[in-house]
2 protein chains.
Amino acid sequence: MKVPRISEAVVRRLPVYLRYLNSLQALHVRTVSSQQLGEALDLNPAQIRKDLACFGEFGRKGIGYEVNYLIEKIKSILKLDQKINVVLIGAGHLGHAISNYNAYLKDNMRITAIFDADPGKVGKKIVGLTIQALSTLSETVKEMNIRIAIIAVPAEAAQAVADELMRCGITGILNFAPVNIRVIEGVRVHDADVTMELHSLAYYL
Amino acid sequence: MKVPRISEAVVRRLPVYLRYLNSLQALHVRTVSSQQLGEALDLNPAQIRKDLACFGEFGRKGIGYEVNYLIEKIKSILKLDQKINVVLIGAGHLGHAISNYNAYLKDNMRITAIFDADPGKVGKKIVGLTIQALSTLSETVKEMNIRIAIIAVPAEAAQAVADELMRCGITGILNFAPVNIRVIEGVRVHDADVTMELHSLAYYL
DNA sequence: TAGATTGTTAATCGATTAACAATC
DNA sequence: TAGATTGTTAATCGATTAACAATC
């Protein structure tokens, strides 16, 4: 296995491939070529082949890629073949909405704990999970071996939450708060700020 | 004004600059250098200068950038100096959560209409907006001169909603549904699929 | 076999970074 | 003036695309 240096662009496309392959699987499609993938996803077929070739030889010359096999391979690359527990901080409307994605995450990745600062919310349930007080965050993260966190709290609270998460050893953060979060070396933040997405979309009008 | 060919990467960074500049403005900071911006945002100062130079000469040699002035300039580039009305499709938890971002959008960009397919929801209010039936979508989009749409409906309904939006003349879509949306030439889609973000985050664990 | 399609090398294209003259 | 910092050119780096031998 040669894993020299995978670019961020490649990693961002893998879930795109996976999502589309899942839809092919649901339609009982057996094999797919880079040509077909490229047309469906608006990508260059050579790029798709090159992306996949970063991780091994998954296709067959003259045939293409076997859908089921390629799904398994991509899942394995994304570590979705192991159990990955996710914690959600913030049980407002956004937190509720995000917890609904559990249905799509299926597999091994799941939101397994929800926290909120509001004592009025603690003890209530969202999709089967009891909202917990932030004071027990560290304990739960360790107990459940939680590795990824989703921040869905107001902008003002986001940095403090991130700091606490880093103290608990979290190394991946999906941040919905409309602020820059400062993190220490080794922690990765993906921004999911609706404001920024809309602002960049406006440029193209 | 020389606007040769602005890369997507540049457009995606502009809202990042804007967000940070707004926070500086709130702290009454008057000027900022590309050096300082680079440190705060983890970007190369030369890149920041080059990004901004795509659109004009906004800084002063030896001084840096005047915060208020740069904010105005970036807003103007992103067309945030004009009124941009946004429609939200889907009034579930996610729709509720997204409509709360109106508070951060402030300025000229606002969600001005909300639609839902569920007759039980039509007529109810979210943050001051009455949920409307999808049958009146086309009418409202034209009347309000709505240009951007947010799709916050279940995966199964997303493509049909997108098709209808394109018929209404929408050219920018922010898609929260975990599916590939196919669009016609000239329509831009930004994906905000929580599933994909979490999957790519998992790679780095 | 002939046609299709991969994996990979080479060519192209574009984006990032470095360096520096201009100038506040 | 001396120090700081821009805007911009040139150098570097990396990513995308084209092309094709290998082979199913």
Side-chain angles (χ1 to χ4, degrees), chain A residues 1-17 20-21 24 29-74 77 200 203-204, chain B residues 1-17 20-21 24 29-74 77 200 203-204:
Chain A
M1 216 196 303
K2 51 174 170 180
V3 184
R5 198 88 193 100
I6 307 302
S7 85
E8 205 163 322
V10 174
V11 175
R12 290 208 156 275
R13 282 192 293 269
L14 292 176
V16 177
Y17 301 151
Y20 183 65
L21 288 165
L24 289 182
V29 176
R30 300 295 270 277
T31 63
V32 66
S33 68
S34 59
Q35 174 79 33
Q36 293 170 307
L37 283 170
E39 271 164 32
L41 302 173
D42 253 313
L43 294 169
N44 184 301
Q47 181 171 66
I48 295 173
R49 293 200 299 278
K50 207 157 199 290
D51 282 358
L52 297 174
C54 290
F55 305 98
E57 306 199 356
F58 303 146
R60 291 213 297 165
K61 295 185 172 85
I63 310 285
Y65 299 91
E66 213 247 297
V67 173
N68 291 342
Y69 180 72
L70 190 52
I71 287 176
E72 286 317 306
K73 283 300 177 185
I74 294 179
I77 294 162
S200 61
Y203 175 82
Y204 296 98
Chain B
M1 216 196 301
K2 47 169 175 185
V3 185
R5 197 88 192 101
I6 307 301
S7 85
E8 204 163 323
V10 173
V11 175
R12 289 207 157 274
R13 282 192 294 267
L14 292 176
V16 177
Y17 301 151
Y20 184 66
L21 288 164
L24 289 182
V29 175
R30 300 296 270 277
T31 63
V32 66
S33 68
S34 59
Q35 174 79 34
Q36 293 171 308
L37 284 171
E39 271 165 32
L41 302 173
D42 254 313
L43 294 170
N44 184 301
Q47 180 171 66
I48 295 173
R49 293 200 299 279
K50 206 155 199 292
D51 282 357
L52 297 174
C54 290
F55 305 98
E57 306 197 358
F58 303 146
R60 292 212 298 163
K61 295 183 170 85
I63 310 285
Y65 300 91
E66 213 248 297
V67 172
N68 291 341
Y69 180 72
L70 190 53
I71 286 175
E72 287 316 308
K73 283 300 176 185
I74 294 179
I77 295 161
S200 62
Y203 175 83
Y204 296 99

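- Between A:Phe55 atom CZ and C:dT8 atom P there is a gap of 14 Å when expressed in whole angstrom units.
- Rounded to an integer number of Å, the gap from A:Gln35 CD to D:dA18 C1' is 13 Å.
- As rounded to whole Å, 11 Å separates atom P of C:dT8 from atom CZ of A:Phe58.
- Between B:Leu21 and B:Val67 the shortest heavy-atom distance is O-CG1, 3.7 Å.
- Distance from the side chain of A:Ser33 is smallest to C:dT6 among D:dT6, C:dT6, C:dT17.
- Nearest nucleotide to the A:Arg13 side chain, out of D:dT16, D:dC24, C:dT16: D:dT16.
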*Determine, stepwise, if the pair A:Val10 / B:Tyr203 fulfils side-chain contact (heavy atoms from CB on, under 4.5 Å).*
CA-CA 11 Å; A:Val10 174; B:Tyr203 175 83; over 6 Å; no
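- Where A:Lys50 and A:Val32 each meet DNA chain C at their nearest nucleotide, the meeting point lying more 5' is that of A:Val32.
- Rounding to the nearest 0.5 angstrom, the gap separating the CD1 atom in A:Ile74 from the CG atom in A:Leu14 is 6.0 Å.
- For the pair A:Gln36 (side chain) and A:Ser33 (backbone), a donor-acceptor distance under 3.5 Å is present.
- The distance between atom CG of B:Asp42 and atom C1' of C:dT17, rounded to the nearest whole Å, is 15 Å.
- Within residues 61-70 of chain A, the residues approached by DNA chain C to less than 4.0 Å at the level of any non-hydrogen atom are A:Lys61, A:Gly62, A:Ile63, A:Gly64, A:Tyr65, in residue-number order.
- If you take CD1 on B:Ile71 and OH on B:Tyr17, they are separated by 15.0 Å, rounding to the nearest 0.5 Å.
- When the P atom of C:dA15 is taken as reference, atom CG of B:Asp51 falls 10 Å away, rounded to whole Å.
- Side-chain atoms of A:Arg49 and A:Phe58, non-hydrogen and from C-beta on, never get closer than 4.5 Å to each other.
- For A:Arg49, counting side-chain heavy atoms from C-beta on, the closest listed nucleotide (D:dG7, D:dC20, D:dA15) is D:dC20.
- For A:Ser34 and C:dT5, the shortest distance from a side-chain N or O to OP1 or OP2 is not below 4.0 Å.
- Following rounding to the nearest Å, A:Leu37 (CG) and C:dT5 (P) show an atom-to-atom distance of 12 Å.
- If you take CD of A:Gln36 and P of C:dT6, they are 9 Å apart, rounded to a whole angstrom.
- Rounded to the nearest 0.5 Å, atoms CG (B:Leu52) and CD1 (B:Ile77) are 7.0 Å apart.
- At C:dC13, none of the side-chain N or O atoms of B:Arg5 fall inside 4.0 Å of OP1 or OP2 (strictly under the cut-off).
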*Quick one: do A:Gln47 and A:Arg13 satisfy side-chain contact (heavy atoms from CB on, under 4.5 Å)? Show the steps, please.*
CA-CA 10 Å; A:Gln47 181 171 66; A:Arg13 282 192 293 269; 3.5 Å; yes
*5'-to-3' dot-bracket of DNA chain C (Watson-Crick, G-U; under 3.5 angstrom; crossing pairs as [ ]; | other strand)*: ..||||||||||||||||||||||
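- If you take CG of B:Leu52 and P of C:dT16, they are 13 Å apart, rounded to a whole angstrom.
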*Let me see the working for B:Leu41 and B:Val16 under side-chain contact (heavy atoms from CB on, under 4.5 Å), right down to the final yes or no.*
CA-CA 8 Å; B:Leu41 302 173; B:Val16 177; 4.0 Å; yes
